[in-house]
J.: 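This is the structure, below, for whatever I ask next.
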Amino acid sequence: MPPSKGYAALNATSPLAPYGFTRREPGATEIVVEILYCGVCHSDLHMARNEWGQSIYPLVPGHEIVGRVTALGSAVKKFKLGETAAIGVIIDSCRHCAPCNRGEEHFCDEGATLTYAAKDRVDGSITMGGYSNNYVVDERFAHTVPANLSPAAVAPLLCAGITTYSPLRHWNVGPGKKVGIIGLGGLGHMGLKFAHSFGAHAVQLTTSLKKKEDALKLGADEVILSTDPAAMKAHAGTFDFILDTASAPHALEPYLALLKQDGTLTMVGLPEKPPTVAPFALIGKRLSVAGSMIGGMEETQQMLDYCGHHNITSEVEVIPIQKINEAFERMLKQDVKYRFVIDMSSLK
Ligand code: NAP
Ligand code: ZN
Ligand code: ZN
């Protein structure tokens, strides 16, 4: 492979800056994808700044990738040259354990390989993400993209989309259910769109009242300012399910008080400082606090096809890669409508 170009963090405090590296040649079942767009996930920021203590530098973030297939291994069946392909948060797994055989590669017993800052199973190199001009991936870990959807607005589906679609499906969100989404950011706005599309009574919980009109347009039946105790009290004990996408530390108790008996709050947000839960907030109504992580390859393709049928994409602000550090700062200020997507032609 010719040298690749990207943007990398060199340590936990340095801004992202141009970085050159090489990717290995594609194997028989692998494809080379020229990256057109890459979404900016809050996980990219947590990882660039080593907030979870697992970062490896230089770190090229990016796991919401849409691009064009520019080379194919000899045994590739799923793609043809020039087709659009999408890559998400994982790019490999053991491929033989029970979860992998069920198409739940994200739960691989041996640990799935992440798109960046992970050890590549093929050559032991450290994976470099999608804030770059190309990617090499096995066709099993790449997805086809419905032709009717805009590639830039599809990119966030590869993480924000599947991370919200999967738990809403798993906990049977649909007609007759009152469902809350905590946080109107990249994940939250996709969760809101899916909850609405699945026929639930969708309620946006937000700390930013200025997002109210947008939430209503995106599919919310109601919007609650979560910092207003009276507004929260008015909804006490009425929710079946809550999806928590908040990226910053927050107390769970005010949200748990919204659930009905046997209700569930599922966390997908991963704040640097994990929340604590008072058992008294759970026992009185036999509540559950759960967690969910992205989704497997099969469900990711189902989600993309669902989005194609229902014309669902992300609300995006397309930026050149030179604006990535500014985008990170705006994300920290909850100033994203509702996902930054990098136009990778700006790398040239
Ligand atoms: P984002 O676009 O920055 O959105 C996060 C939203 O959280 C904000 O817009 C804000 O919404 C809300 N928020 C921030 N601080 C809050 C607080 N103190 N209390 C309540 N709400 C608060 O981030 P994202 O890309 O959606 O990612 C969200 C989180 O999910 C991150 O921690 C990320 O690492 C994690 N994540 C997990 C998975 C997984 O597989 N589980 C996958 C991807 C991302 P309002 O302004 O509406 O309050
Ligand atoms: Zn992500
Ligand atoms: Zn496995």
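One-based numbering, in listed order, for ligands and for the atoms of each. On a predicted model such as this, the values are computed, not experimentally measured, just so you know.
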J.: Going by an N to O cut-off under 4.0 Å, is there a salt bridge joining E51 and R49?
T.: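 R49 and E51: not salt-bridged.
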J.: Does the plane of the ring in Y306 sit parallel, tilted or perpendicular to the ring in H310? Use 30° and 60° as the thresholds.
T.: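 Y306 vs H310 ring planes: parallel.
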J.: Give a yes/no verdict on a cation-pi contact between R95 and F141, requiring under 6.0 Å between NZ or CZ and the six-membered ring centre and an angle within 45° of the axis.
T.: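 R95 over F141 ring: no.
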J.: Please determine if R121 and D92 form a salt bridge, counting it only when a charged side-chain N lies under 4.0 Å from a carboxylate O.
T.: no
J.: With D240, which of K260, K178, K177 fulfils side-chain hydrogen bond (donor to acceptor under 3.5 Å, both in side chains)?
T.: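 Only one option passes, and that is K260.
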J.: Please determine whether ring pair (Phe, Tyr, Trp, His ring centres under 6.0 Å) holds for the pair Y131 and Y7, giving the CA-CA distance in whole Å, both sets of side-chain angles, and the decisive distance to 0.1 Å.
T.: CA-CA 6 Å; Y131 294 7; Y7 263 53; 8.4 Å; no
J.: Assign the ring pair H250 / Y255 to parallel, tilted or perpendicular, where the plane angle (0 to 90°) is split at 30° and 60°.
T.: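 Perpendicular, since the angle between the ring planes exceeds 60°.
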J.: When you check ligand 1 against the protein, what N or O pairs turn up below 3.5 Å? List the atom names and distances, or just say none.
T.:
{"from": "ligand 1", "atom 1": "2 (O)", "to": "G186", "atom 2": "N", "distance (Å)": "2.8"}
{"from": "ligand 1", "atom 1": "3 (O)", "to": "H42", "atom 2": "ND1", "distance (Å)": "2.6"}
{"from": "ligand 1", "atom 1": "9 (O)", "to": "K211", "atom 2": "NZ", "distance (Å)": "3.3"}
{"from": "ligand 1", "atom 1": "11 (O)", "to": "L184", "atom 2": "N", "distance (Å)": "3.2"}
{"from": "ligand 1", "atom 1": "15 (N)", "to": "Q334", "atom 2": "OE1", "distance (Å)": "3.4"}
{"from": "ligand 1", "atom 1": "18 (N)", "to": "P249", "atom 2": "O", "distance (Å)": "3.3"}
{"from": "ligand 1", "atom 1": "23 (O)", "to": "H42", "atom 2": "ND1", "distance (Å)": "3.4"}
{"from": "ligand 1", "atom 1": "25 (O)", "to": "H42", "atom 2": "N", "distance (Å)": "3.0"}
{"from": "ligand 1", "atom 1": "25 (O)", "to": "R339", "atom 2": "NH1", "distance (Å)": "2.6"}
{"from": "ligand 1", "atom 1": "26 (O)", "to": "G186", "atom 2": "N", "distance (Å)": "3.3"}
{"from": "ligand 1", "atom 1": "26 (O)", "to": "L187", "atom 2": "N", "distance (Å)": "2.7"}
{"from": "ligand 1", "atom 1": "32 (O)", "to": "H46", "atom 2": "NE2", "distance (Å)": "2.8"}
{"from": "ligand 1", "atom 1": "32 (O)", "to": "L270", "atom 2": "N", "distance (Å)": "2.9"}
{"from": "ligand 1", "atom 1": "34 (O)", "to": "S43", "atom 2": "OG", "distance (Å)": "2.8"}
{"from": "ligand 1", "atom 1": "34 (O)", "to": "H46", "atom 2": "NE2", "distance (Å)": "3.3"}
{"from": "ligand 1", "atom 1": "40 (O)", "to": "I294", "atom 2": "N", "distance (Å)": "2.9"}
{"from": "ligand 1", "atom 1": "41 (N)", "to": "V268", "atom 2": "O", "distance (Å)": "3.0"}
{"from": "ligand 1", "atom 1": "41 (N)", "to": "S292", "atom 2": "O", "distance (Å)": "3.0"}
{"from": "ligand 1", "atom 1": "46 (O)", "to": "S208", "atom 2": "OG", "distance (Å)": "2.6"}
{"from": "ligand 1", "atom 1": "46 (O)", "to": "K211", "atom 2": "NZ", "distance (Å)": "2.6"}
{"from": "ligand 1", "atom 1": "46 (O)", "to": "Q334", "atom 2": "NE2", "distance (Å)": "2.9"}
{"from": "ligand 1", "atom 1": "47 (O)", "to": "L184", "atom 2": "N", "distance (Å)": "2.7"}
{"from": "ligand 1", "atom 1": "47 (O)", "to": "T206", "atom 2": "OG1", "distance (Å)": "2.6"}
{"from": "ligand 1", "atom 1": "48 (O)", "to": "T207", "atom 2": "N", "distance (Å)": "2.8"}
{"from": "ligand 1", "atom 1": "48 (O)", "to": "T207", "atom 2": "OG1", "distance (Å)": "2.6"}

J.: Would you call the rings of H42 and H46 parallel, tilted or perpendicular, taking 30° and 60° as the class edges?
T.: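 The arrangement is tilted - the two ring planes meet at 30° to 60°.
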J.: Excluding waters, which protein N, O or S atoms are within less than 2.8 Å of the Zn ion (ligand 2)?
T.: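 N, O, S partners closer than 2.8 Å: C41 SG, H63 NE2, C159 SG.
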J.: For Y57, check ring-ring contact (aromatic ring centres under 6.0 Å, His included) against everything at least two apart and list the hits.
T.: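 Listed in chain order: nothing, the list is empty.
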J.: Quick check for you: within a radius under 2.8 Å, how many protein N, O or S atoms neighbour the Zn ion (ligand 3)?
T.: 4
J.: Using a strict 4.0 Å threshold on nitrogen-to-oxygen distance, state whether K193 and E315 make a salt bridge.
T.: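 The answer is yes: the pair qualifies as a salt bridge.
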J.: Taking only Lys NZ, Arg NE, NH1 and NH2, and the carboxylate oxygens of Asp or Glu, determine whether R68 and E34 approach each other closer than 4.0 Å.
T.: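 Between E34 and R68 there is a salt bridge, with a charged N closer than 4.0 Å to a carboxylate O.
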J.: Any Lys/Arg nitrogen of E317 or R330 sitting under 4.0 Å from an Asp/Glu carboxylate oxygen of the other?
T.: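 Yes, charged N to carboxylate O under 4.0 Å.
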J.: Taking a hydrophobic cluster as the set of Ile, Leu, Val, Met, Phe, Trp and Tyr residues connected by side-chain heavy atoms closer than 4.5 Å, whether directly or through intermediates, do Y116 and I87 fall within one such cluster?
T.: no
